[in-house]
Amino acid sequence: MSDVVLLYTTWPDAETAEAFAAEAVADRLAACANVLGAIRSVYRWQGAIERSVETPMLLKTSAAAAEALKARLLERHPYETPCVLALPVDRARSHEAFLDWILDEASGPDDTAA
């Protein structure tokens, strides 16, 4: 199992995506969030072909924090069924120092501060 996870999700607009990104990074659920430019999505939803403009986001996190990040995303996301795909990162083919930085930064919320 990989110790670093790349979480892919889509949002209805950049403002909503950026607000969640800032929260996830501030709470140490993600080391970094990349809010990408608008994309056009075509998909089947409840029997009809839908088209929408969405904002994709990539969240870099640790495997240890990934479940909490997913839970927070599902709690805060405005969609009924949001896109959340967790992709394991291949350490051997990645920059090890960058992966170590992700692990340091995405340690999850500090429960001792409560």
Side-chain angles (χ1 to χ4, degrees):
M1 176 169 194
S2 177
D3 57 349
V4 175
V5 175
L6 183 66
L7 197 137
Y8 171 82
T9 183
T10 57
W11 294 80
D13 55 65
E15 294 78 21
T16 308
E18 285 183 35
F20 181 79
E23 179 182 335
V25 171
D27 289 346
R28 300 181 72 91
L29 295 174
C32 175
N34 301 118
V35 178
L36 306 175
I39 58 171
R40 294 191 167 285
S41 297
V42 179
Y43 52 95
R44 184 179 307 276
W45 181 250
Q46 299 179 343
I49 301 297
E50 301 286 339
R51 290 174 173 77
S52 62
V53 175
E54 297 181 293
T55 299
M57 180 175 15
L58 300 170
L59 295 143
K60 300 168 192 100
T61 190
S62 65
E67 191 62 37
L69 177 59
K70 180 185 94 172
R72 177 81 58 86
L73 192 152
L74 293 175
E75 176 184 301
R76 300 276 200 274
H77 205 288
Y79 291 170
E80 181 180 338
T81 307
C83 167
V84 180
L85 299 175
L87 309 167
V89 173
D90 182 347
R91 184 171 272 280
R93 292 185 173 91
S94 300
H95 184 216
E96 192 161 340
F98 185 73
L99 298 181
D100 291 342
W101 172 78
I102 292 171
L103 294 175
D104 287 344
E105 293 299 319
S107 58
D110 183 6
D111 293 332
T112 62

Discussion item. With a 3.5 Å distance limit and no angle check, can you tell me whether Ser62 reaches the backbone of Ala106 through a side-chain donor-acceptor pair?
Written reply: yes

Discussion item. What's the separation between atom CD in Glu18 and atom CH2 in Trp11, rounded to the nearest 0.5 Å?
Written reply: 12.0 Å

Fill in: Check ion pair Arg28-Glu105 (N to O, under 4.0 angstrom)
yes

Name the atoms and distances for all side-chain donor-acceptor pairs under 3.5 Å in residues 29-43, with sequence neighbours left out.
unit_1, atom_1, unit_2, atom_2, d
Asn34, OD1, Lys60, NZ, 2.3
Ser41, OG, Glu54, OE1, 2.5
Tyr43, OH, Ser52, OG, 3.4

Fill in: Heavy-atom pair of closest approach, residues Leu59 and Thr9
CD1-CG2, 4.2 Å

Practice prompt. Measure from the side-chain N and O atoms of His77 to the backbone N and O of Thr10, and report whether any donor-acceptor pair falls under 3.5 Å.
Written response: yes

Discussion item. I'd like to check Glu67 versus Thr61 (side-chain heavy atoms, cut-off strictly below 4.5 Å). Are they in contact?
Written reply: no

Worksheet item: Is it true that Val5 and Val89 fall in one hydrophobic cluster, defined by side-chain heavy atoms closer than 4.5 Å?
Response: no

Discussion item. What's the separation between atom CD in Glu50 and atom CH2 in Trp45, rounded to the nearest 0.5 Å?
Written reply: 9.5 Å

Fill in: Given Leu85, Val84, Leu87, the one that forms side-chain contact (heavy atoms from CB on, under 4.5 Å) with Leu7
Val84

Practice prompt. Determine whether Ile102 and Val25 fall in the same hydrophobic cluster, where Ile, Leu, Val, Met, Phe, Trp and Tyr are linked whenever their side-chain heavy atoms lie under 4.5 Å apart.
Written response: no

